[in-house]
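Right, one structure below, let's go through it.
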Amino acid sequence: MSIVSTDVSVKAADIDSLWILPLAVLPLKTPGLRKVRLMKSNHLEGVVEMFASDGAGSGHIRPLDLSETFADIDTGDTAMIEKLAALHSYDVYSLRISLREMGVDVTDSKHLTLSKSKQEELAVYMKPFTDRLIMQIYGDDGTASGETDIQALFRDADPNVARQKLKTISDTLNIDLQSVPQFLEDYGDIYLSIAYYRQNLISIAPVIMDFLEACYEISRHNQLSQNPEAMKVCKRLEAKTAKLRDVLSDRFAVFQQSTEAMWEDMNAERFGEFKQLVEDNHAALGGLLCTLSVKMNGWHKRFPERKSAGPHQWVDYMMTDMRQGY
């Protein structure tokens with residue numbers, strides 16, 4: 001089953017999101033579904049968002065209830081959305097794996113690639129890895145030569161120059177000449193995925209710290225500390241949040257260590273092993289980050305400034321909303 005083109009525009013922010021999947025990118029047969037989005041609710045359920053606005057809020061429908069809104073919905077569409085609703089993340093890297101397993105052909109889909117604006121935004125995270133490759137190829141004069149984009153290494157107006165660059169890469173990394181373009185594409189994509197996940201964790205780090213500090217204040221509150229149920233929920237959410245953050249940080253540390261080991265004797269085979277390591281972690285990274293991001297964004301939306309609320313309000317939110325699905 002192939003992803004088909006559609007007249008419905010897809011926002012770059014949706015494509016770059018961990019918890020939003022525009023249904024317009026899927027080969028659905030029910031026209032109305034292409035105008036809405038599948039997303040993770042605050043309770044981490046996969047729901048179809050029918051509308052959203054600052055004034056009216058948003059309207060969500062569970063996949064099992066779609067037939068009540070779309071009387072002519074195709075049964076195949078319902079089955080696909082139910083499967084997608086159960087996924088732990090909708091980031092492009094996780095979706096590549098999940099949709100492939102579902103039999104959806106994603107080979108030529110631009111919707112499973114980060115937007116150009118996001119790629120430009122991630123350039124600062126990518127630079128150490130692109131610089132490392134360029135230095136490996138050109139030596140100390142690599143960055144001085146003006147090469148900053150690994151894809152640009154073989155895009156040159158002069159065919160002879162481009163061919164020489166390809167030959168240099170082939171000889172330096174012991175890669176077959178015909179395989180160099182694919183190697184460069186894979187290299188860029190793998191490190192872009194690491195940069196994407198790292199940026200997502202970094203972006204919510206201040207909220208994580210704010211939440212953990214709130215938990216600490218609750219534990220020291222004279223009245224709340226005497227409430228066993230409240231303390232049980234608070235401690236569980238605190239431990240879960242800290243563990244997810246630490247597991248993610250540890251995985252990025254493993255990638256860094258593996259990168260250093262790979263560069264001790266860089267060649268196509270060693271890069272292939274590293275590439276497999278990262279890809280094997282895409283679904284786990286996406287799921288952990290989606291879970292943490294949805295919960296932390298919910299906390300920040302409810303308490304944009306912690307000083308504007310207090311322990312009682314925090315515990316009430318934890319008990320009635322935050323713990324659901326977490």
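This chain uses plain numbering: 1 for the first residue, then up along the sequence. These numbers come from the heavy atoms of this one structure, side chains and all, not from hydrogens, waters or symmetry mates.
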Over all heavy atoms of both residues, which pair between [X] and [Y] is shortest? Give the atoms and the distance, please.
{"X": "Ile204", "Y": "Ser293", "value": "CD1-OG, 3.8 Å"}
{"X": "His111", "Y": "Val92", "value": "O-CG1, 3.9 Å"}
{"X": "Ala12", "Y": "Ser115", "value": "CB-CB, 3.6 Å"}
{"X": "Ser203", "Y": "Pro206", "value": "O-CD, 3.7 Å"}
{"X": "Glu279", "Y": "Ile97", "value": "O-CD1, 3.8 Å"}
{"X": "Phe271", "Y": "Met262", "value": "CA-SD, 3.6 Å"}

Does the side chain of [X] reach to within under 4.5 Å of the side chain of [Y], using non-hydrogen atoms?
{"X": "Asn227", "Y": "Gln223", "answer": "no"}
{"X": "Leu28", "Y": "Asp74", "answer": "no"}
{"X": "Ile169", "Y": "Leu133", "answer": "no"}
{"X": "Leu292", "Y": "Leu288", "answer": "no"}
{"X": "Trp263", "Y": "Arg270", "answer": "no"}
{"X": "Tyr90", "Y": "Cys290", "answer": "no"}
{"X": "His221", "Y": "Gln226", "answer": "no"}
{"X": "Met266", "Y": "Asn174", "answer": "no"}

Under 3.5 Å, is there a donor-acceptor pair between the side chain of [X] and the main chain of [Y]?
{"X": "Thr172", "Y": "Thr168", "value": "yes"}
{"X": "Arg96", "Y": "Leu112", "value": "yes"}
{"X": "Gln313", "Y": "Gly310", "value": "yes"}
{"X": "Glu45", "Y": "Lys40", "value": "no"}
{"X": "Tyr196", "Y": "Tyr191", "value": "no"}
{"X": "Tyr317", "Y": "Gly298", "value": "yes"}
{"X": "Ser170", "Y": "Ile175", "value": "yes"}

What I want to check is whether the side chains of [X] and [Y] have a donor and an acceptor closer together than 3.5 Å.
{"X": "Asp186", "Y": "Gln182", "answer": "yes"}
{"X": "Asp280", "Y": "Gln276", "answer": "yes"}
{"X": "His60", "Y": "Ser41", "answer": "no"}

Nearest 0.5 Å please: distance from the [atom1] atom of [X] over to the [atom2] atom of [Y].
{"X": "Leu33", "Y": "Leu26", "atom1": "CG", "atom2": "CG", "result": "9.5 Å"}
{"X": "Cys234", "Y": "Met318", "atom1": "SG", "atom2": "CE", "result": "4.5 Å"}
{"X": "Leu184", "Y": "Thr130", "atom1": "CG", "atom2": "OG1", "result": "11.5 Å"}
{"X": "Leu201", "Y": "Leu248", "atom1": "CG", "atom2": "CG", "result": "5.5 Å"}
{"X": "Ile15", "Y": "Asp91", "atom1": "CD1", "atom2": "CG", "result": "11.5 Å"}
{"X": "Asp72", "Y": "Phe70", "atom1": "CG", "atom2": "CZ", "result": "9.0 Å"}

message = Between Arg132 and Glu260, is the side-chain contact (heavy atoms from CB on, under 4.5 Å) condition met? List the steps.
response = CA-CA 10 Å; Arg132 187 70 178 266; Glu260 294 301 323; 3.6 Å; yes
inquiry  = Name the residue from Leu21, Leu23, Leu64, Thr30 that meets the side-chain contact (heavy atoms from CB on, under 4.5 Å) definition with Ile81.
reply    =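 Checked Leu21, Leu23, Leu64, Thr30 against Ile81; only one passes side-chain contact (heavy atoms from CB on, under 4.5 Å): Leu23.
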Worked verdict on Ser193 versus Val278 for side-chain contact (heavy atoms from CB on, under 4.5 Å) = CA-CA 9 Å; Ser193 73; Val278 177; 3.8 Å; yes
May I ask you to check whether over 12 heavy atoms, not counting those of [X], lie within 6.0 Å of atom [atom1]?
{"X": "Lys240", "atom1": "NZ", "result": "yes"}
{"X": "Glu273", "atom1": "CD", "result": "yes"}
{"X": "Arg251", "atom1": "CZ", "result": "yes"}
{"X": "Glu305", "atom1": "CD", "result": "no"}
{"X": "His88", "atom1": "NE2", "result": "no"}

key: Worked check of salt bridge (charged side-chain N to carboxylate O under 4.0 Å, His left out) between Glu238 and Lys235   = CA-CA 5 Å; Glu238 178 184 20; Lys235 288 181 179 179; over 6 Å; no
Steps toward side-chain contact (heavy atoms from CB on, under 4.5 Å) verdict (Asn281, Leu277) = CA-CA 7 Å; Asn281 275 273; Leu277 169 68; 3.9 Å; yes
Option from Asp321, Thr291, Thr241 for which side-chain hydrogen bond (donor to acceptor under 3.5 Å, both in side chains) with Tyr326 holds = Thr241
query = Is the shortest side-chain N to carboxylate O distance from Glu49 to Arg62 below 4.0 Å?
reply =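 Result for this pair is no, no salt bridge flagged.
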Are [X] and [Y] grouped together when hydrophobic residues (ILVMFWY) are joined by side-chain heavy atoms under 4.5 angstrom apart?
{"X": "Leu177", "Y": "Tyr187", "value": "yes"}
{"X": "Met209", "Y": "Val247", "value": "no"}
{"X": "Val315", "Y": "Tyr216", "value": "no"}

query = With ring centroids as reference points, do Trp299 and Phe211 lie under 6.0 angstrom apart?
reply = yes
message = Run Met296 and Met322 through side-chain contact (heavy atoms from CB on, under 4.5 Å) and show every step you take.
response = CA-CA 9 Å; Met296 290 300 103; Met322 189 174 184; 3.5 Å; yes
